[in-house]
Amino acid sequence: MAMNERYEPRSLEPRWQRRWEEAGAFRAGRRPGAEPRYVLEMFPYPSGAMHMGHARVYTIGDALARHLRMRGFDVLHPIGFDALGLPAENAAIKDGRHPGERTRENIVSFRAEMKKLGYAFDWDREIVTADPEYYRWNQWFFLRMLERDIVYRRQGKANWCTGCNTVIANEQVLEKDAVRVCERCSSPVLEKVIPEWAFRITRYARSLLDGLDRLGAWPERITTMQRNWIGLSQGAEVRFAVAGSAETIPVFTTRVDTIYGCTYVVLAPEHPLVASLTAPERRAEVEAFAARMRRTDAAERTGESAPKEGVFTGARAVNPFTGEEVPVWIANFVLAEYGTGAVMSVPAHDQRDFEFARKYGLPVRTVIQPEKGERTPPGDRLQAATTEDGVLEASGPFTGLGSEKARRVMSDHAQASGFGRATERWHLRDWGFSRQRYWGTPIPIVYCDDHGAVPVPDADLPVVLPPQAIITGTGEPPLAKVPEFVKTTCPRCGKPARREVETMDTFVDSSWYYARYLSPQDGARPFDPEAAKRWLPVDVYVGGPEHAVMHLLYFRFWHRVMRELGLVHEDEPVERLVTQGIVNGADGRKMSKRWGNSVAPGPMVDRFSADTLRLFILFAAPPEKDIDWSDEQVEGLFRFLGRVWRIFHARQDCFAAPEAALAGAAGEFLELRRRTHRTIQKVTEAFDTDLKFNTGIAALMELVNALYAAEPGAEADRSAVREALVAVAALLSPFAPHVAEELWHEVLGAPARDRLLGDEPWPAFDPALVAADTVKIAVQVNGKLRGEVQAAVSAGEAEVRALAEADGKVRAHLAGKAVRKVVYVPKRLINFVVG
RNA sequence: GGGCGGGUGGCGGAACUGGCAGACGCACUGGACUUAGGAUCCAGAGCCGCGAGGCGUGAGGGUUCGAGUCCCUCCCCGCCCACCA
């Protein structure tokens, strides 16, 4: 039966989608004997409809998953929905609906769109975090972590919106003109100290930091961001005595080598010692300053644009190295929560200290000289602080030491003398995860008058979120207003008690979902550790780089906890991370309603085809780069698929050509064969290395162009064409799976009726055909291109040189000049250097 | 201020360890086929120049037979963090 003349995706795509589904083609575990591969994309947050960004992540992951399946692996490629959380709750409040209802609708629409795009997901493993059977395990983990003191209750600083009267998440705080405001109501956001639950992620700081060294297959910028975020500072703690008092002020410094240049000490205004050491005559001014700082928002107070300001306390501290007395100040730029909340100021070698010293007329003393180059002038003539390491001067017994050595020696000295020691500080803070919100996992705690905070027993899990609650986004947590939820009995004594009304941060849900996919129906435990042994770590994880220091750090933390619980065995959850760029509008700006430049995937599939959209996404740029939407480019890719279709149609007579005749291919058909095999190599390498599918697709286009150029006559020609056509279908299938499947079946005909292309082996290339037998060699005279010659691969320098010198143009440039030198790069170029 | 990416035709992007810059696609131009073409196929195309040739990878310098690629100085753009002691 003759094949359809035209590419008609509208009927073709749903047909194959149905066929794949009926065959259970993408079910993981179908090849128990094969090596496993786990390809994961960040699951979507369905607070709205699916957008191009989603299409991009899933298309990248899907190409990889489909390819690996053809390489013979047992591939796990699951999908689910990150359904709980603040954005969904806010969206629901906005249109007066229940978040659950809204989310359910969005999930239905997402699912339909994803199926329309033909993603090879194992839908049997779909998870939805809003399902109590999912979040019960959040609660279970909470209890295990509580037992291990990884969860604790603390007084924490939260963002308090003065308009909504509630705590909001960091992500909801916008910075406008150095003022922090609420993204919803634009009211100022203040810091408010309230009790909250927190994860002791800082206990894992060292492990999270060291682990980064082993994540060689992660983008460096992501590991760097995590490294900075974890923020290890190695330094020293040095205790300054307070003159005329028994108190001491511990300061943390990374530059103890500069301590002989310390001319004052600064405390945070909230520092506990401020009250006791302030001199009576300074008290009024100091208290006024501290009070003003308390009222000022943190961002405003410590933002870089904020001017440095402070007041003298009247007290003096004693530098333990020199015995010198220096004044003690308080200032806005010193943070109570970092280090010891006190700094030793060395204005000559720290820019902040320098600016502060100049402003208040404090002395500046140079104690570090550069190893080479211009000397640093004395403090009074200094224009700016010099912060580089160097050689110590005017530093007592340490004078002449290099900074690095001095830090070690001086820390040891401090320790031996009992006034300090080498120590380290971390930037990472514990993860406060309670939310005064409704749409989250209820925290499984019961408050009893006699027993305090009592954990809910495992047997009583899940603590189910009540379906009805009044969600206004203001005042106390919504759950507090649901009496049938709050009222319970104490698990210990049975007396009336109240449930915790806070819920968990959404990031809890996404911290371990990759493991739930392994046994999504498991009712006895979060997941099956045996399955984890087979599938983890995730081989490739695709998602946006915006999660660098939130989700991607949290899930590494959670993985460590799961390992302590014996659930998983490897160090890290994800072997390789791929961060994909943004899909911008055609105008190069981020797609948004505001600019009216959004393009939704669904309508594009309707207008062109899923294969077209997928191809556009992959061809526009390598995965990690941002891309701009382009209607013209999309049309171009649609045309390409039509072109592929037509060449198959035009070469139907080659479909039956025998493979045995391939060896007879000669001339341009031997060239075609070479190109076919080089294309296989090129596309295969893209999958094996950098996932630059754009160049792989370009190679496929070249092969198609070559097919157009070749008119087969002899049987061997037709066999070569057939070989190319089969390769095109197979190589195209990870990118444009529907049309590839159809074309493959057209070529193969009856023998392939019951098979699927995705189950076929990935094409192999013949190394003998990939290697060329002749090469083009560029001929240069004095480094300038003057011609090119064809030479056999086996040709030596003398032969190539003779060929080159025979070239007319080259001869003209060589005429009358002495050849001083000839540079010959085999298989590439020959360069005559003439004088 | 710090960290990490980038800067290549009209546009998106290619270019392995220094070796023919601009693959592939878009837009564009010409031709063929056509009642028609915004379909399709073929061809052209970095810039200047009729041409020989010259000039070209953000700017300037350097190393080299040869630099988009390596080194130095600087400019611009993006993202993340940001008074972290």
Side-chain angles (χ1 to χ4, degrees), chain A residues 6 219-229 231-233 235-236 251-256 258 266 268 299 301-308 331-335 337-346 350-353 355-356 387 425-427 545-546 548-549 581-582 588 615-616 619-622 624-637 639-640 642-643 646 650 682 685 689 692 694-702 704-705 708-709 776-788 809 812 820-834:
Chain A
R6 290 178 40 217
E220 200 186 306
R221 72 188 197 104
I222 301 294
T223 49
T224 304
M225 276 165 74
Q226 292 212 356
R227 202 166 272 122
N228 293 341
W229 188 260
L232 170 61
S233 301
V251 303
F252 175 69
T253 178
T254 53
R255 291 299 303 274
V256 69
T258 65
V266 189
R301 188 187 114 189
T302 59
E304 202 182 359
S305 50
K308 294 180 179 27
N332 59 343
F333 66 88
V334 177
L335 308 172
E337 61 272 18
Y338 188 80
T340 59
V343 302
M344 62 169 217
S345 286
V346 184
D350 181 287
Q351 190 55 28
R352 287 160 313 175
D353 296 345
E355 286 168 29
F356 194 81
T387 53
R425 298 286 142 160
W426 301 83
H427 174 259
E546 67 275 14
V549 290
I582 296 167
L615 219 46
F616 165 75
F619 183 65
E624 66 279 3
K625 281 201 67 160
D626 289 355
I627 59 178
D628 294 348
W629 181 260
S630 162
D631 281 312
E632 292 81 8
Q633 286 279 354
V634 176
E635 277 172 42
L637 272 316
R639 271 205 302 272
F640 169 66
R643 196 168 152 79
R646 283 187 300 276
K682 176 94 187 166
E685 277 173 3
T689 60
K692 286 191 175 173
N694 53 332
T695 56
I697 294 168
L700 263 169
M701 288 172 168
E702 288 183 76
V704 170
N705 290 345
Y708 268 90
K776 262 195 301 183
I777 293 179
V779 183
Q780 296 182 339
V781 177
N782 281 349
K784 287 202 191 295
L785 184 70
R786 297 300 177 189
E788 67 180 32
K809 228 155 131 192
R820 284 213 311 247
K821 185 174 166 186
V822 176
V823 180
Y824 174 65
V825 183
K827 292 192 234 181
R828 284 193 185 277
L829 134 170
I830 184 158
N831 185 15
F832 295 92
V833 185
V834 297

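The model shown is predicted, which means the values in this text are computed figures rather than measured ones. Residue numbering restarts at 1 for every chain, and letters A, B, ... go by the order of the sequence lines.
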Minimum heavy-atom distance [X]-[Y], with the two atoms named:
X        : Y        : result
A/Glu788 : A/Lys776 : OE2-CD, 3.0 Å
A/Met344 : A/Arg255 : CE-O, 3.6 Å
A/Gly341 : A/Val334 : O-CG1, 3.6 Å
A/Asp626 : A/Gly581 : OD1-CA, 3.4 Å

Could you give the distance separating [M] and [N] at their [atom1] atoms, to the nearest angstrom?
N     : M     : atom1 : answer
B/G12 : B/U63 : P     : 34 Å
B/C16 : B/A82 : P     : 37 Å
B/C81 : B/C74 : C1'   : 25 Å
B/C11 : B/U57 : P     : 15 Å
B/C77 : B/A32 : C1'   : 46 Å
B/G22 : B/G46 : P     : 9 Å
B/A21 : B/G7  : C1'   : 16 Å
B/G3  : B/G19 : C1'   : 35 Å

On RNA chain B, nearest-nucleotide positions of A/Arg646 versus A/Lys784: which is more 5'? A/Arg646

With nearest nucleotides of RNA chain B determined for A/Glu220 and A/Trp229 from heavy-atom distances, which residue corresponds to the more 5′ nucleotide?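 Taking each residue's closest nucleotide, the earlier one in sequence belongs to A/Glu220.
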
Just do the ring pair (Phe, Tyr, Trp, His ring centres under 6.0 Å) check on A/Phe333 and A/Phe356 with the steps written out, would you? CA-CA 10 Å; A/Phe333 66 88; A/Phe356 194 81; 5.5 Å; yes

Counting any heavy atom closer than 4.0 Å, what does [X] reach on the DNA or RNA strands: base, sugar-phosphate only, or nothing?
X        : value
A/Ser630 : nothing
A/Val343 : base
A/Arg425 : nothing

Under 3.5 Å, is there any donor-acceptor pair linking the side chain of A/Lys821 to the base of B/C65?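 Between B/C65 and A/Lys821, which were checked side chain against base, a qualifying N/O pair under 3.5 Å is absent.
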
Is there, by distance only and without an angle test, a donor paired with an acceptor across the side chain of A/Arg255 and the base of B/A85 below 3.5 Å?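 Answer no: no donor N or O sits under 3.5 Å from an acceptor.
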
[X] [atom1] to [N] [atom2], straight-line distance once rounded to whole Å:
X        : N     : atom1 : atom2 : answer
A/Glu624 : B/C4  : CD    : P     : 17 Å
A/Met225 : B/G2  : CE    : C1'   : 13 Å
A/Met344 : B/C84 : CE    : P     : 15 Å
A/Glu546 : B/C79 : CD    : P     : 13 Å
A/Asn782 : B/G53 : CG    : C1'   : 16 Å

Base partner of [N], which must satisfy Watson-Crick or wobble distances under 3.5 Å:
N     : result
B/C50 : none
B/C28 : B/G44
B/U73 : B/A59

Quick one: side-chain contact (heavy atoms from CB on, under 4.5 Å) partners of A/Val779, sequence neighbours excluded?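 A/Val779: side-chain contact (heavy atoms from CB on, under 4.5 Å) contacts with A/Val789, A/Ala804, A/Val810, A/Ile830, A/Phe832.
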
Using the six-membered ring of A/Phe252, assess whether NZ or CZ of A/Arg425 lies under 6.0 Å from its centre and within 45 degrees of the ring axis.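 A/Arg425 over A/Phe252 ring: yes.
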
Residue-phosphate contact under 4.0 Å: A/Arg639 side-chain N/O, B/C26 OP1/OP2: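 Yes, such a contact exists.
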
When rounded to the nearest 0.5 angstrom, what distance separates CG in A/Asp350 from CD in A/Glu355? 9.0 Å

Distance (rounded to the nearest 0.5 Å) between A/Gln351 CD and A/Thr387 OG1: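 Going from CD on A/Gln351 over to OG1 on A/Thr387, the span is 8.0 Å.
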
Can you check B/G9 for me, syn or anti if syn means within 90° of 0?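 Chi for B/G9 falls in the syn range.
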
Could you write nucleotides 6-24 of chain B as a row of B, S and -, 5' to 3', where a protein heavy atom under 4.0 Å of any base atom gives B, of only sugar-phosphate atoms gives S, and otherwise -? ------BSS-B--BB--BB

